[in-house]
Amino acid sequence: MDLLDIKGNKLKSRLLIGTGKFPNKQIIPRVIESCETQVVTMAVRRVDIGSKEENLLDYIPKDIILLPNTSGARNAEEAVRIARLARAMGCGNWVKIEVISDNKYLLPDNQETIRATEILAKEGFIVLPYMNPDLMTAKRLVDVGAAAVMPLGAPIGTNKGIRTKEMIQILIDEIDLPIIVDAGIGKPSQAAEAMEMGAAAVLVNTAIATSQDPVQMARAFSLGVEAGRGAYLSKMGSINKCAQASSPLTGFLHKGEL
């Protein structure tokens, strides 16, 4: 069976989803069921276990792996603090590192991401760092104990697709960890494209949550991921400069045989 292996955790689904921007929390369980994801990320700052009001965690099934993210962290220290808080709240030891001090484009700070990853990996966290696709950064993340590498396809929330395709392909070819394309994917066809490239998985939030039918869109993304993975495993045919006939051009009937 073709399973996604993240630090010894074997997953059937290669689609990870987020929980932000949905019209209401009530729809989240239906979205999860529709796409059959096994990993759901959430911003720790959106969870208040002491609140008497409805809590985001109440809408995530118990068999789902929680992937708390450090959204809002501007440096490594803040990211580490948020990760430790999430574990203390009972969210487990998975964490998606987001360190962003750029308020316009929301691009991750790779150096601070490396620092946070190193600290948390030593503390036993399964660390999935969100990063600008850069080979040297990815190698450092491997060295300091990352469980996967999550390069952005385009800036967060833009739905522009895989604008960093060539750089991501380098990571897929050179890094011996799961490469999970995160941010910017806006269509199921773009998720399929990432999987055809050899990405191990994709993480999608905005494209699903802001669609007119998030439940149906989640299913469409699941099918796109499955199709792209199947195409990658099937070893797609080569691209040729010239036309090549599907059938032989020899052996046609002669005039006298018509």
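- Annotation: side chain to side chain donor-acceptor pair (under 3.5 Å) contacts involving residues 88-97, sequence neighbours excluded, comprise Lys96-Glu98, Lys96-Asp182.
- Side chains of Thr70 and Glu78 form no contact here, defined as non-hydrogen atoms less than 4.5 Å apart.
- The two residues Ile97 and Leu120 come nearest to each other via the heavy atoms CD1-CD1, 3.3 Å.
- Side-chain contact between Arg84 and Glu123 is present, with heavy atoms from C-beta onward closer than 4.5 Å.
- The side-chain heavy atoms of Leu135 and Lys139, taken from C-beta on, include a pair separated by under 4.5 Å.
- Under the 4.5 Å side-chain heavy-atom criterion for grouping Ile, Leu, Val, Met, Phe, Trp and Tyr, Tyr105 is not connected to Met131 through any hydrophobic cluster.
- A distance of 8.0 Å separates CG of Leu107 from CD1 of Ile100, quoted to the nearest 0.5 Å.
- Atoms OG1 and CG, from Thr37 and Leu203 in turn, are 8.0 Å apart once rounded to the nearest 0.5 Å.
- Side chain of Thr19 to backbone of Ile28: no donor-acceptor contact under 3.5 angstrom is found.
- Annotation: the span from Ile162 atom CD1 to Ile185 atom CD1 amounts to 5.0 Å, rounded to 0.5 Å.
- Put simply, the side chain of Asn69 never gets that close to the backbone of Thr41: no donor and acceptor are under 3.5 Å apart.
- Residues Val215 and Ile64 share a hydrophobic cluster, clusters being chains of Ile/Leu/Val/Met/Phe/Trp/Tyr side chains in contact below 4.5 Å.
- Salt bridge status for Arg229 with Glu226: absent, with no side-chain N to carboxylate O gap under 4.0 Å.
- If you take CD on Glu36 and NZ on Lys12, they are separated by 9.0 Å, rounding to the nearest 0.5 Å.
- Both Val149 and Met167 are assigned to one and the same hydrophobic cluster, defined by single-linkage of ILVMFWY side chains at heavy-atom distances under 4.5 Å.
- Formation of a donor-acceptor pair under 3.5 Å by the Ser34 side chain with backbone atoms of Arg30 is not found in this model.
- Residue Leu4 comes nearest to Ala201 through the heavy atom pair CD2-CB, 3.9 Å, listed as atom of the first residue, atom of the second, then distance.
- To the nearest 0.5 Å, the span separating CD1 on Ile82 from CG on Leu85 amounts to 8.0 Å.
- Checking side-chain atoms of Gln169 against main-chain N and O of Met197 turns up a donor-acceptor pair under 3.5 Å.
- Of all heavy-atom pairs spanning Ala76 and Val99, the tightest one is N-CG1, 4.4 Å.
- Gln38 has its side chain within reach of Ser13: a pair of non-hydrogen atoms, C-beta onward, lies under 4.5 Å apart.
- The local environment of CD in Glu33 is sparse, with at most 12 non-hydrogen atoms from other residues, nucleotides or ligands closer than 6.0 Å.
- Between Lys122 and Glu118 there is a salt bridge, since a side-chain N of the basic residue sits under 4.0 Å from a carboxylate O of the acidic one.
- At a threshold of 4.5 Å between non-hydrogen side-chain atoms, the residues Cys91 and Val44 do not count as touching.
- Look at Glu77 and Arg115 and you find a salt bridge, because one of the NZ, NE, NH1 or NH2 atoms lies within 4.0 Å of a carboxylate O, short of that distance.
- To the nearest 0.5 angstrom, Ile60 atom CD1 is 4.5 Å from Leu56 atom CG.
- Nearest heavy atom pair, residue Ile180 against residue Pro151, reads O-CD, 3.3 Å.
- The same ILVMFWY cluster, assembled from side-chain heavy atoms under 4.5 Å apart, contains both Ile32 and Leu57.
- Note on residues 192-219: pairs passing side chain to side chain donor-acceptor pair (under 3.5 Å), not counting sequence neighbours, are Lys21-Thr206, Lys165-Glu193.
- Contact annotation: the side chain of Ile175 never approaches that of Leu141 to less than 4.5 Å [non-hydrogen atoms, C-beta and beyond].
- The two residues Pro108 and Tyr130 come nearest to each other via the heavy atoms CB-O, 3.7 Å.
- Checking Ile6, Val40, Val39, Ile126 one by one against Leu67, the side chain to side chain contact (heavy atoms under 4.5 Å, CB included) holds for a single residue, Val39.
- With a 4.5 Å cut-off on side-chain heavy atoms, Met42 and Ser71 do not count as touching.
- Side chains of Asn132 and Thr137 form no contact here, defined as non-hydrogen atoms less than 4.5 Å apart.
- When all heavy atoms of Val225 and Ala191 are compared, the pair lying nearest together is CG2-CB, 4.0 Å.
- A single hydrophobic cluster is not seen to contain both Phe221 and Leu223; linkage of ILVMFWY side chains at heavy-atom distances under 4.5 Å, directly or through other members, places them apart.
- For the side chain to side chain contact (heavy atoms under 4.5 Å, CB included) test with Cys35, the passing option among Val204, Ile17, Leu16, Ile208 is Ile17; the others fail.
- Classification of Arg14 and Asp2 as a salt-bridged pair holds, one side-chain N sitting under 4.0 Å from a carboxylate O.
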